[in-house]
Every structure is written in C-alpha cells, then in structure tokens.
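Encoded as structure tokens, the structure appears first; notes follow it.
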Amino acid sequence: MKRAERACGEGGSRLARGGRLGRRARTGPRASGRGRARRLRDPLLPAAGRDGPPSPRELAEALRERLLADDAVARLVESVEVAGPGFLNFRLRRQAFATLVEGMLAEGEEVGRGTQARPLHILLEYVSVNPNGPLHVGHGRYAAYGNALDRILRFAGHRVTSEFYINDYGRQMEMFGRSVAARYGQSFGLDLPVPEEGYQGEYVKEFAARIRAEVGDQWVELLATQGLDDPDSDIVRFFRYRGCDLVLEQFRAELGGFRVTFDTWFSETPLHNEGRVQGTIDHLLDTGDAYVKDDAVWLRTSPYGDDKDRVLIRSNERPTYFAADIAYHQDKLSRGYDHLINIWGADHHGYIPRMKAAVEILAHDPSMLEVIIGQMVNLLEAGELRQMSTRSGEMVTLAELVEAIGVDAARFFLVMRSHDQTLDLDLDLARQQSQENPVYYVQYAHARIASILRNLPKGLEPAVINHPEVYVTPYERDLIKSLEEFGGLVLEAAHRRAPHRVAGYAQELAGVFHVFYKHCRVIGAEPAVAASRLALVLVAKRVLARCLDLLGVSAPESM
RNA sequence: GCGCCCGUAGCUCAGUUGGAUAGAGCGUCGGUCUACGAAACCGAAGGCCACAGGUUCGAAUCCUGUCGGGCGCACCA
C-alpha cells in the first residue's frame with residue numbers, strides 16, 4: 001500500500017512536472033538536433049495495489065492523454081498506445097524522421113561527434129610490453145583495445161595523449177642482453193649457452209644475426225675471454241641496448257602496420273640514470289609516506305587500500321620496479337593531465353592497489369589513476385589450449401595473426417568482445433572464418449553505399465524533401481532510428497571504456513542497412529523519395545565509416 | 001586460504017542508472033538474384049541466462065552462498 005502510494009506520487013509528480021517522458025518529448029529532434037526517436041516505449045509505473053490507487057493501465061492512459069495534449073509532442077508523435085502494464089508505445093510522425101535525417105545530414109562527416117561539458121586531458125598508457133621479444137596476440141588485444149579507446153575518447157570530445165612505457169631497465173633486460181650475446185657468440189662457433197633464465201626463443205637468434213650483420217666479429221674475442229657472467233660488462237651492456245633498440249624498432253613498425261601509434265614513448269632508464277627514482281623516494285621519505293625498516297625502504301600503501309606496505313629500495317640497495325613506476329607516475333602527474341588511464345593485462349591486477357595507493361599519495365586524489373584490466377587471450381588449436389610464454393619462445397605472435405586474417409579482421413576480432421572477458425582464439429578457426437568475419441559484413445554495407453554513390457544519375461542530390469512518400473517504410477525508419485543512436489553510443493562507449501559497443505553497434509547498423517537496401521531503392525525511386533533516401537544512405541555511410549575508423553578498421557569503397 | 005575477471009543457444013559472444021516474448025555471428029535445415037554489389041536478404045530448429053536462496057511490482061542484470069573456469073597474492077619485472 002505504501003508502495004502503491006509512492007508509486008502514484010511519483011507518477012503524479014512526473015505528470016505535474018512534465019517528467020521524464022514529457023521532457024524527452026519536448027527536447028525532441030528539433031531542439032537537440034538529434035532526438036530520442038528510438039525510445040518508442042518507456043516503462044512507466046509500478047503496478048498499484050488492488051484497492052484505491054489507479055491501475056498502471058489507468059495511469060498510462062492518463063499520461064497518454066496528457067502527452068497528446070502537448071503541442072510539442074503532438075507535432076512529432078502520430079499516436080501513443082498503452083501496451084501492457086507499464087508501457088506506452090509512441091508512433092512518430094513522418095516529419096519527426098525527416099527532422100532527424102536533416103539534422104544528421106547537416107553534421108556532415110562530424111555526425112555523432114561528442115562534446116564534453118568539461119573535456120578532460122587524459123593520458124592513456126597501454127601496450128607497454130617489455131622490449132625483449134615479439135608481440136603476441138595478447139599484446140595485440142591490448143593494442144587494439146587501447147587504440148580504439150584512444151580514438152573513441154577523442155571522438156567523444158576529450159583530449160588524449162597516448163603513451164608507451166618502455167621497461168628497458170632491470171634484470172629482465174639484462175637476461176635478454178645476455179641471451180642475444182650468447183646467440184651472437186654461438187653464430188661464431190663459441191660454446192656459450194643461453195642462460196637458463198634467459199630467452200630461448202628462435203627470435204633471439206634473429207636479433208643476434210642482425211647485430212652480427214651490423215658489427216661483424218667485433219665482440220667475439222672479448223666474449224671468448226670474458227664470457228657473459230658479469231652483468232655490468234661492456235658486452236652485456238652493448239647487446240642489451242642494441243637488442244632493445246631493435247625490438248623497439250620492430251614494435252613501432254608492427255604496431256604502425258596495425259594502425260596503432262603513440263604520441264610518446266617513455267623510457268624507464270633515464271628515470272634511474274637521472275636520479276629521478278631516488279628523488280621520488282627521497283621526497284616520500286621527507287613527507288613520511290616512506291620509512292626504513294629491515295634495511296629496506298618501504299612505502300606506506302596499506303592506509304590506501306593495499307594489503308601491506310611495499311618495498312621501494314631493497315636491502316641490497318637496489319630500487320624495485322615499483323619505485324621506478326612511482327617515479328614514472330610522478331612524471332605523468334607533473335605533466336598536468338586531468339586523468340590517467342593505464343591498460344594492464346590481467347596478470348597485473350594484483351599490482352593495482354599499490355599503484356593506486358602511490359598515485360593517491362602523490363596526487364592526493366584517489367580517482368586520478370584509473371587502471372583498466374584487459375583479460376587474457378587463450379589460444380586454442382583444434383580445441384586444445386596452447387600456452388604462451390615469451391621466455392620459452394612458444395607463442396602465437398601478433399604478426400602471425402595479422403598474416404592469417406589481415407589487419408581489419410584482426411582488429412575487429414580483438415575488440416568486438418568486452419575487454420574483461422577472456423577471449424578464446426582459435427587461429428585455424430579465425431583463418432577459416434575470416435571470410436565470414438563480421439567485419440566484412442560491416443565493410444560490405446559501406447561498400448554498397450559507395451556503389452550507390454558511384455551510380456547516381458545526373459542531378460540527383462541528397463536532400464530531405466517534405467513529401468508524403470518520404471520515410472514512410474519501416475525499413476527507412478529503422479535505419480533512421482539506428483543512426484540516431486550513434487551519438488549516444490559514442491558517449492556510452494567512451495564512458496564505459498567499451499570499444500566493443502561500437503563494434504556491436506556497427507554490426508547492427510550494417511544489418512539494418514542491408515535490410516533497407518533489400519527493400520528500398522535509392523536510384524530509380526521517384527525524385528523526392530530518391531533524394532531523401534540518398535540523404536539517408538549518405539548519413540549511414542558516414543556513420544559506418546566512423547565506426548570502422550574508431551576501431552582502426554578500414555572502410556573500403558569497394559571490396 | 002585471500003583477492004580480481006568470469007559462467008547466457010552446438011561453438012564464439014552481445015545484452016550497465018533492474019523493464020515487454022533474452023539477441024547476434026558461426027554451424028545445421030529450407031527458401032530468394034531480368035533493377036543501386038547475393039561478401040546480401042527471408043524463414044526454421046536450437047535457452048531451467050551454472051546452481052540455490054534473497055531484495056523488488058519486476059532480476060541475465062543488484063546482494064549472499066555453493067559449484068566450475070581463468071588470473072594474481074615477492075626485498076621479480
């Protein structure tokens with residue numbers, strides 16, 4: 001009973017204020033440029049009790065009459081029907097559809113671009129793979145996801161700086177240097193095994209061969225006499241840096257080919273060499289956020305949601321990776337961004353609390369750093385799981401995937417699923433299904449429109465014409481409704497960090513277009529209808545092209 | 001043991017301020033090209049949304065528990 005009263009109260013006040021529905025109707029297509037034509041039905045009110053209060057049906061009926069009495073509503077709405085308990089169905093007038101298309105057509109290539117009341121300057125860091133081996137498909141997923149998010153955030157009205165953090169310091173790189181040096185030595189017949197904890201993959205030989213091509217036998221003698229045991233030797237240093245450079249060169253080329261580029265590449269090594277890691281630690285000691293215990297320096301992260309405090313400087317006086325990461329984030333903060341986003345692999349999720357704690361200590365703002373976890377890619381072959389490991393050299397590389405199915409299909413495939421869902425990828429299946437890949441479905445819709453545009457008779461121009469036969473079919477109306485959703489979808493995808501929503505939308509839109517295409521001719525229809533349909537497909541082409549672009553996929557004029 | 005991400009059609013997955021009969025692609029079966037591209041369209045079959053409770057007028061969605069899977073729990077990076 002109480003509930004029923006409350007329900008009626010809400011309903012009543014909605015009516016009185018013109019509520020959600022009324023407001024929506026008033027700010028319809030004309031006012032906003034892009035209205036809410038899609039909302040053809042709306043949940044209304046909860047079921048009322050048996051006695052006293054009006055039933056949902058009665059309330060809906062009252063609301064219906066109220067809405068129809070509103071001039072602004074009546075101009076756009078042809079009819080309103082009560083449908084079931086709690087729902088009203090709206091049928092829009094032809095003019096409402098025409099207004100929508102007019103608005104979208106006028107936006108030109110920019111149709112759907114978002115604006116932010118307060119645009120943020122966001123630093124988006126992603127991929128950041130250790131430069132000691134090839135990119136595998138897991139990295140490819142983060143690259144595709146991060147880059148799509150980059151594009152979406154920008155299109156939604158934010159400023160974005162994209163960054164790749166290069167972990168070119170520390171023990172892993174030293175092992176990599178020793179591994180390359182060993183392979184180099186082996187190519188000259190030296191008996192130098194790759195260190196047990198080193199990198200065994202075949203690709204290391206390729207890097208060694210390239211270095212050999214550059215420097216000849218310059219290091220052979222020294223290698224033969226000194227070996228590789230001293231990590232600080234000139235030999236290890238040389239192979240490490242040269243190897244790292246070669247890997248980075250390959251990253252840039254491969255990612256570039258994958259249409260993933262970064263505004264900045266930020267190297268870890270200078271943070272150490274220029275004393276900035278030490279400087280950050282000193283600062284934290286000064287503020288009391290760090291302390292000394294057991295000959296080590298610790299950061300007090302536990303008050304900020306971490307399980308325990310974390311070591312910054314080990315008792316052997318070497319800084320931890322975490323310490324360098326703090327210095328790195330201190331640098332990010334000093335560059336004046338409004339927000340930091342890091343995209344990490346699922347295997348790093350345990351690292352989030354301490355990093356967020358550190359940033360909160362530095363910036364005094366817990367929401368400053370946002371870490372997005374991308375789940376892993378499981379590789380299947382003939383239904384069986386294939387393990388990936390950089391160190392053992394067993395992996396499916398991004399290059400292999402691209403070679404198998406192409407950049408467009410690979411990028412679409414890697415972002416069409418939610419990033420927090422582990423992705424099963426069967427390379428054989430992907431190869432086999434590449435011709436059935438949804439990306440072609442979307443691209444084909446774009447190419448079909450391009451084909452229409454190529455075949456236009458002289459004098460046919462896109463225009464929304466006020467004529468009784470314009471936009472009367474359900475096929476045209478469905479297409480208009482789908483297109484109208486695009487602007488909101490962009491904002492949602494940006495807000496939810498969800499590129500897969502764009503992929504899903506693109507498939508839906510392509511589907512609606514294909515149905516339209518089957519039933520409605522552009523060329524050959526009577527002039528007013530032809531011009532209006534031309535305007536419609538032109539908008540559809542732009543939106544499809546934009547969706548594909550947001551995902552880093554090409555929008556072919558023909559295929 | 002603790003934490004994070006999950007469990008939706010045969011397979012891979014969408015489905016988010018909680019709303020009508022839970023959707024798509026692939027696969028299976030059956031139709032459609034003398035008009036802008038058949039890489040398309042139309043139809044059929046296929047579901048206790050892991051399970052059990054709870055909140056709610058209403059739950060795939062929120063809460064608790066159980067089971068199952070993945071990933072983490074370093075003075076590694």
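Quick note on labels: first sequence line is chain A, next is B, and so on, each numbered from 1. Source: prediction; values computed, not measured.
- Phosphate proximity of A39(B) to Y444(A): present, with a side-chain N or O under 4.0 Å from OP1 or OP2.
- Within the shown strands, U28(B) is the pairing partner of A44(B) under the Watson-Crick or G-U definition, both distances less than 3.5 Å.
- At C41(B), one or more side-chain N or O atoms of Y441(A) fall inside 4.0 Å of OP1 or OP2 (strictly under the cut-off).
- The residue among M559(A) and V522(A) whose nearest nucleotide of RNA chain B lies closer to the 5′ end is V522(A).
- Checking the phosphate oxygens (OP1, OP2) of C13(B), no side-chain nitrogen or oxygen of Q507(A) falls inside 4.0 Å.
- H446(A) and F513(A) have their aromatic ring centers separated by at least 6.0 angstrom.
- Between N455(A) and G37(B) there is a side-chain N or O to OP1 or OP2 distance below 4.0 Å.
- Of the candidate nucleotides A38(B), G3(B), C13(B), G3(B) has the atom lying nearest to any side-chain atom of H349(A).
- Residue R318(A) is out of contact with every strand shown, counting any heavy-atom pair closer than 4.0 Å.
- For R448(A), a side-chain nitrogen or oxygen approaches OP1 or OP2 of A38(B) to under 4.0 Å.
- Look at G65(B): its Watson-Crick or wobble partner, with both distances under 3.5 angstrom, is C51(B).
- Look at R417(A) and you won't find any side-chain N or O under 4.0 angstrom from OP1 or OP2 of C6(B).
- Closest approach of A148(A) to P499(A), counting heavy atoms only: CB-CB, 3.8 Å.
- As judged by a 4.0 angstrom heavy-atom cut-off over every strand, N130(A) is placed among residues touching the sugar-phosphate backbone only.
- Between F176(A) and F239(A) there is no side-chain heavy-atom pair separated by less than 4.5 Å.
- Using a 4.0 Å heavy-atom distance criterion, S558(A) is classed as a base contact.
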